[in-house]
Protein chains: 2
Amino acid sequence: MRPLIHPEIADVPLELMLHALADPVRVAIFADIVKQDCSQSCSSFLTVGEKQIPKSTLSQHFKILREAGLIRSERRGVEMHNTSRCAEVDARYPGMLAAIANAHQIQMNAREKTTAKKRSTRR
Amino acid sequence: MRPLIHPEIADVPLELMLHALADPVRVAIFADIVKQDCSQSCSSFLTVGEKQIPKSTLSQHFKILREAGLIRSERRGVEMHNTSRCAEVDARYPGMLAAIANAHQIQMNAREKTTAKKRSTRR
DNA sequence: TCAATAGTTCATATTTCCCGAACTATTGAA
DNA sequence: TTCAATAGTTCGGGAAATATGAACTATTGA
């Protein structure tokens, strides 16, 4: 099993970061890791929203976030300890990750509202 | 020839916007349109950086930016008039596009420096 | 009416992505 | 130590998304 790759932020093209966040599952995972910036095992994301994510897919998603310099993953016994690298990224690209995480939250809130409305009108 | 689509910002998933910007050519085009927020024809981007972009590819790129709600394209005679929709996006997701455009600029500056260094060391 | 210019659409070859199956690594128990 | 359980990774191949040449459309100016 090859070692995990954690690139220097300076070596990550901006597009790679944006690509990593340009997926509903990954941006949700990332926003979650940022919010409660303590450990987060991979398997705690086997369901994201309503969706079930297969283990192998999840592993790929974490790899993409990792190699985009957005998170750091360390083994802690049998499971993984994932933390965000926000501070490092922020030093290079100020405010970007915060703005994206914030946007994600805004979108979630907007969705919450519309699904609540749908429920109340029996749709 | 079917009419161009300009969705409401509220109808564009955040991921679609990020996806649109997660490409080196598109983020360069977008940053340029934002910077000098006057007209920018499509064909003014037939070369981006060092790269030659085929016309058909460029057309796809503009379509993706447009349908992600990031730009507005209007016909002006024989060519296209592209403007950013930053203000509208900003109303929903404050600061996000500015932070990304800024990040792109920072990356460009960093690259400028390293290529200058390479040139000076005869590489 | 025609040629020139700017962009779009279509077809398809290529690339990327998803996910089941098999594998690896760590731990705790027998 | 061996074994079972748990957490994650890797691999392979089918599905989906991209890139681009060729053909097309729309507008203008001669």
Side-chain angles (χ1 to χ4, degrees), chain A residues 1-6 13 15-30 32-33 38-68 71-83, chain B residues 1-6 12-13 15-30 32-33 38-68 70-83:
Chain A
M1 208 149 280
R2 61 200 70 151
L4 304 181
I5 294 165
H6 291 100
E15 304 86 54
L16 204 65
M17 283 190 195
L18 294 177
H19 168 82
L21 295 173
D23 174 281
V25 172
R26 287 194 299 261
V27 74
I29 291 174
F30 180 71
D32 222 55
I33 291 178
C38 49
S39 160
Q40 287 288 83
S41 74
C42 295
S43 60
S44 62
F45 295 98
L46 282 167
T47 69
V48 170
E50 313 278 279
K51 222 175 158 194
Q52 292 293 319
I53 318 288
K55 229 163 51 137
S56 56
T57 304
L58 204 54
S59 179
Q60 291 303 320
H61 283 321
F62 274 91
K63 184 183 184 191
I64 288 170
L65 288 169
R66 199 160 49 232
E67 301 192 352
I71 64 171
R72 187 176 296 284
S73 308
E74 289 166 294
R75 208 168 237 283
R76 283 280 172 93
V78 78
E79 59 181 40
M80 230 52 163
H81 198 251
N82 295 291
T83 48
Chain B
M1 208 148 278
R2 61 200 70 151
L4 304 182
I5 294 166
H6 291 100
V12 180
E15 304 86 53
L16 203 65
M17 283 190 195
L18 294 177
H19 169 83
L21 296 173
D23 175 280
V25 173
R26 286 195 300 262
V27 75
I29 291 174
F30 180 70
D32 221 57
I33 291 177
C38 49
S39 162
Q40 288 288 84
S41 74
C42 296
S43 58
S44 61
F45 296 97
L46 281 168
T47 72
V48 170
E50 313 279 278
K51 221 174 157 193
Q52 292 293 318
I53 318 288
K55 228 161 53 133
S56 55
T57 304
L58 204 55
S59 179
Q60 291 304 319
H61 283 322
F62 274 90
K63 184 183 183 192
I64 288 171
L65 289 169
R66 198 160 51 230
E67 301 192 353
L70 295 172
I71 64 170
R72 189 176 295 285
S73 309
E74 290 166 293
R75 207 167 238 282
R76 280 282 172 90
V78 77
E79 58 181 40
M80 229 53 162
H81 198 253
N82 294 292
T83 49

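A quick note: this is a predicted structure, and the numbers were derived from the prediction, not measured. Each chain gets a letter, A, B and so on, in the order the sequences are listed, and its residues count up from 1.
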Practice prompt. For A:Thr57, report the nucleic acid contact type (base, sugar-phosphate, nothing); a contact means any heavy atom under 4.0 Å.
Written response: base
Practice prompt. Identify the two heavy atoms, one from B:Ile33 and one from B:Thr83, that lie closest to each other, and give their separation to 0.1 Å.
Written response: CG2-C, 3.8 Å
Discussion item. With a 4.0 Å limit, can you tell me whether B:Arg2 has a side-chain N or O closer than that to the phosphate oxygens OP1/OP2 of C:dT9?
Written reply: yes
Discussion item. Nearest heavy atom decides the nucleotide; on that basis, is A:His61 or B:Ser59 closer to the 5' end of DNA chain C?
Written reply: B:Ser59
Worksheet item: Touch check for A:Arg66, heavy atoms < 4.0 angstrom, all strands: base, sugar-phosphate only, or nothing?
Response: sugar-phosphate
Discussion item. Just the rounded figure in Å: distance from C1' of C:dT24 to NZ of A:Lys63.
Written reply: 15 Å
Item to complete: For residues B:Leu70 and B:Ala20, report the shortest heavy-atom separation together with the two atoms involved.
Response: CD1-CB, 3.8 Å
Discussion item. What's the separation between atom NE2 in B:His6 and atom CD in B:Glu74, rounded to the nearest 0.5 Å?
Written reply: 7.0 Å
Discussion item. Using whole Å, what does the distance between atom C1' of nucleotide D:dG8 and atom CD of A:Glu74 come to?
Written reply: 16 Å
Response to the item:
Between CZ of B:Phe62 and C1' of D:dT18 the distance, given in whole Å, is 17 Å
Worksheet, complete the sentence: Among D:dT27, D:dT9, D:dT25, the one nearest any side-chain atom of B:Met1 is D:dT25
Practice prompt. Write down the atom of A:Leu58, the atom of A:Ser43, and the distance for their closest heavy-atom approach.
Written response: CD2-CA, 4.4 Å
Item to complete: Using the closest heavy atom to pick a nucleotide of DNA chain D for each, name whichever of A:Arg75 or A:Gln60 lands nearer the 5' end.
Response: A:Arg75
Discussion item. By nearest heavy atom, map B:Gln52 and A:Ser73 onto DNA chain D; which one lands nearer the 5' end?
Written reply: A:Ser73
Worksheet entry | Between P of D:dT9 and CD1 of A:Ile5, the distance in whole Å | 12 Å
Worksheet item: Quick one: B:Leu46 CG to C:dA6 P, roughly how many Å, whole number?
Response: 9 Å
Discussion item. Base of D:dG21, side chain of B:Ser56 - is there a donor-acceptor contact under 3.5 Å?
Written reply: yes
Worksheet item: So does A:His19 get a side-chain nitrogen or oxygen closer than 4.0 Å to the phosphate oxygens (OP1/OP2) of C:dC17?
Response: yes
Worksheet item: Rounded to the nearest Å, what distance is computed from the CD1 atom of residue A:Ile53 to the C1' atom of nucleotide C:dC17?
Response: 13 Å
Worksheet item: Taking all non-hydrogen atoms of both residues, which atom of B:Ser41 and which atom of B:Asn82 are closest, and how far apart?
Response: C-ND2, 3.9 Å
Worksheet item: In dot-bracket form, how is DNA chain D paired, counting a Watson-Crick or G-U wobble pair only if both its distances are under 3.5 Å and using | for bases paired to another strand?
Response: ||||||||||||||||||||||||||||||
Item to complete: Begin with the C-alpha distance, continue with both residues' side-chain angles, and end with the deciding distance and a verdict on side chain to side chain contact (heavy atoms under 4.5 Å, CB included) for B:Arg26 and B:Gln60.
Response: CA-CA 10 Å; B:Arg26 286 195 300 262; B:Gln60 291 304 319; over 6 Å; no
Item to complete: Measure from NE2 on A:His81 to P on C:dT26 and round the result to the nearest Å.
Response: 17 Å
Response to the item:
Closest non-hydrogen contact found for A:His61 with A:Val25 is CD2-CG1, 3.7 Å
Fill in: B:Lys55 NZ - C:dT5 P separation (whole Å)
11 Å
Discussion item. Show, in sequence, the C-alpha distance, side-chain angles and deciding distance for A:Ile53 and A:Phe45, and conclude whether the side chain to side chain contact (heavy atoms under 4.5 Å, CB included) test is met.
Written reply: CA-CA 8 Å; A:Ile53 318 288; A:Phe45 295 98; over 6 Å; no
Discussion item. Given D:dG8, D:dA19, D:dA26, identify the nucleotide with an atom nearest to the side chain of B:Val78.
Written reply: D:dA26
